[in-house]
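So the structure is just underneath, and the comments pick up after that.
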Amino acid sequence: MRPAAFLLRRPAWPNRKIAATTSLPWQNPVAAFTPLTCPHRLDTLPPMETSIHTLREALRHAQRVAVLTGAGVSAESGIPTFRGADGLWKNYQATDLATPEAFAKDPELVWEFYNWRRSLIGQKTCNPAHTALAQMEGVIPELALITQNVDGLHLMAGSRRVLELHGNIWRVRCTRCGREAMDRSPDMGKRPTCTACGGLLRPGVVWFGESLDPRILHQAVEAARRCQIMLVVGTSSVVQPAASLAFTARSGGAMLAEINLERTPNSELMDRVLLGKAGEILPRLVEGLS
Ligand code: OAD
């Protein structure tokens, strides 16, 4: 049994107020650019321009940055999110399609869902948000891109240090011999089988109740612990353990900024909340960074 911290969990992190960071602003030259107290308590968001400028200046001086992304980053590529107005989990039950129990009960139904997503994602390409993050990696000495997305678009955009917390939709794994392979077929058929042993294949993604790859999770936690700035982009911050990485970064003294269309349960934790489209804000942040 893996410790619970490794399991993909749905319940929202309690929306509790976080005590002040454990390190002081002057111990982190990057965090010192902005006050570590949340400036948004009274919903008086500073103008977008101020936030972009402040964040860009902080990024310019940063050595270690972590970025946590979610489905919102791929929304402008035309890939549906999970919890938005047209989100996948508004129309489908996650428990019917994204759990090991669902696959054991009806693998054909689960493959139907994943074949539909494969064919949709296969027609999409990266958007300015993915491109901006790939460019950011080129100018920040140490940037870890931690993603919950399984679409592979960060890699397509040219990001190299990508930690895919929830796997990759193009990967398949044999349920009998455990062999993994990349397969970009848009349609894998009703019951795809392993070429090595004939066992039933499953999507190489992490389902609810399953363990995250401990090696990837460890790298993500380390990146969050060490970073001076964490950008949290396009995620509803309700799925664990990904959502708690912002807490890890905060307790390491990092400056936190969220880019999202709307506030999330983690907004309270942020030094900056930039409300808007990732594909518009991220390119502006990277502009003039080098
Ligand atoms: P969600 O669908 O829960 O959240 C998407 C977030 O993106 C929301 O907060 C939106 O407001 C925001 N958003 C939408 N369009 C945006 C845009 N153009 N720019 C910026 N933000 C935008 O997706 P995740 O948080 O990624 O797991 O969901 C986490 C996990 O839950 C997924 O990895 C998936 C899901 O169930 C599995 O399937 C195992």
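Just follow the structure's listing: the first ligand is 1, and inside any ligand the first atom is 1. The figures that follow rest on heavy atoms only: side chains count, while hydrogens, waters and symmetry mates do not.
- Which parts of ligand 1 touch A75 is read off a 4.0 Å heavy-atom cut-off, strictly below it: atoms 15 (N).
- Taken from CG in D151 to OG in S77, the straight-line distance is 7.5 Å, to the nearest 0.5 Å.
- If you look at Q148 next to ligand 1, the close heavy atoms, those under 4.0 Å, come from the backbone and the side chain alike.
- Taking every non-hydrogen atom of A71 and a distance limit under 4.0 Å, the qualifying atoms of ligand 1 come out as 23 (O), 24 (P), 26 (O).
- Interatomic distance, CZ of R215 versus CG of L163, reported as 9.0 Å (0.5 Å rounding).
- The N/O atoms of F208, backbone and side chain alike, include none that comes under 3.5 Å of an N/O atom in ligand 1.
- Counting heavy atoms under 4.0 Å from ligand 1, residue H166 touches it through the side chain alone.
- A side-chain donor from one of T69 and T147 sits under 3.5 Å from a side-chain acceptor of the other.
- Distance check, rounded to the nearest 0.5 Å: CZ of R171 to CD of E180 gives 5.5 Å.
- Both I52 and I259 are part of a single hydrophobic cluster, where members link through side-chain heavy atoms under 4.5 Å apart.
- Using a non-hydrogen distance threshold of 4.0 Å, A242 does not register as a contact of ligand 1.
- A donor-acceptor pair under 3.5 Å is absent between the side-chain atoms of H53 and the main chain of T50, judged by distance alone.
- In this structure, CD in E258 is found 12.0 Å from CE in M230, a value given to the nearest 0.5 Å.
- Residue S236 has at least one nitrogen or oxygen atom sitting less than 3.5 Å from a nitrogen or oxygen atom of ligand 1, judged on distance alone.
- Here's the thing with V238: none of its N/O atoms is less than 3.5 angstrom from an N/O atom of ligand 1.
- Of the heavy atoms in V206, only backbone atoms (N, CA, C, O) come closer than 4.0 Å to ligand 1.
- Which of G72, A278, G70 comes nearest to atom 16 (C) of ligand 1 through a heavy atom is settled by distance: it is G72.
- Considering backbone and side-chain N/O of R83, one or more are found under 3.5 Å from N/O of ligand 1.
- Of the heavy atoms in V239, only side-chain atoms (C-beta onward) come closer than 4.0 Å to ligand 1.
- Counting atoms of ligand 1 from 1 in the listed order, those under 4.0 Å from a heavy atom of W89 are 35 (C), 36 (O).
- Those atoms of ligand 1 with a heavy atom of E262 less than 4.0 angstrom away are 11 (O).
- Looking at V73, L282, N260, L97, it is N260 that brings a heavy atom closest to atom 8 (C) of ligand 1.
- Distances below 4.0 Å separate heavy atoms of E76 from the following atoms of ligand 1: 17 (C), 18 (N), 19 (N).
- Close contacts between ligand 1 and G234 involve ligand atoms 5 (C), 6 (C), 7 (O), 21 (N) [criterion: under 4.0 Å to a heavy atom].
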* To do: Could you go through the side chain to side chain contact (heavy atoms under 4.5 Å, CB included) check for R250 and D271 one step at a time?
  => CA-CA 10 Å; R250 166 54 93 213; D271 297 295; 3.2 Å; yes
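- Separating the OG atom in S159 from the CD atom in E137 is a distance of 5.0 Å, to the nearest 0.5 Å.
- Shown in contact with G276 at under 4.0 Å from a heavy atom are these atoms of ligand 1, numbered in order with element: 19 (N), 20 (C).
- A side chain to side chain donor-acceptor pair (under 3.5 Å) with E222 is found for exactly one of H218, R226, R225, namely R225.
- To the nearest 0.5 Å, atom CG of residue N266 and atom CG of residue L256 are 8.5 Å apart.
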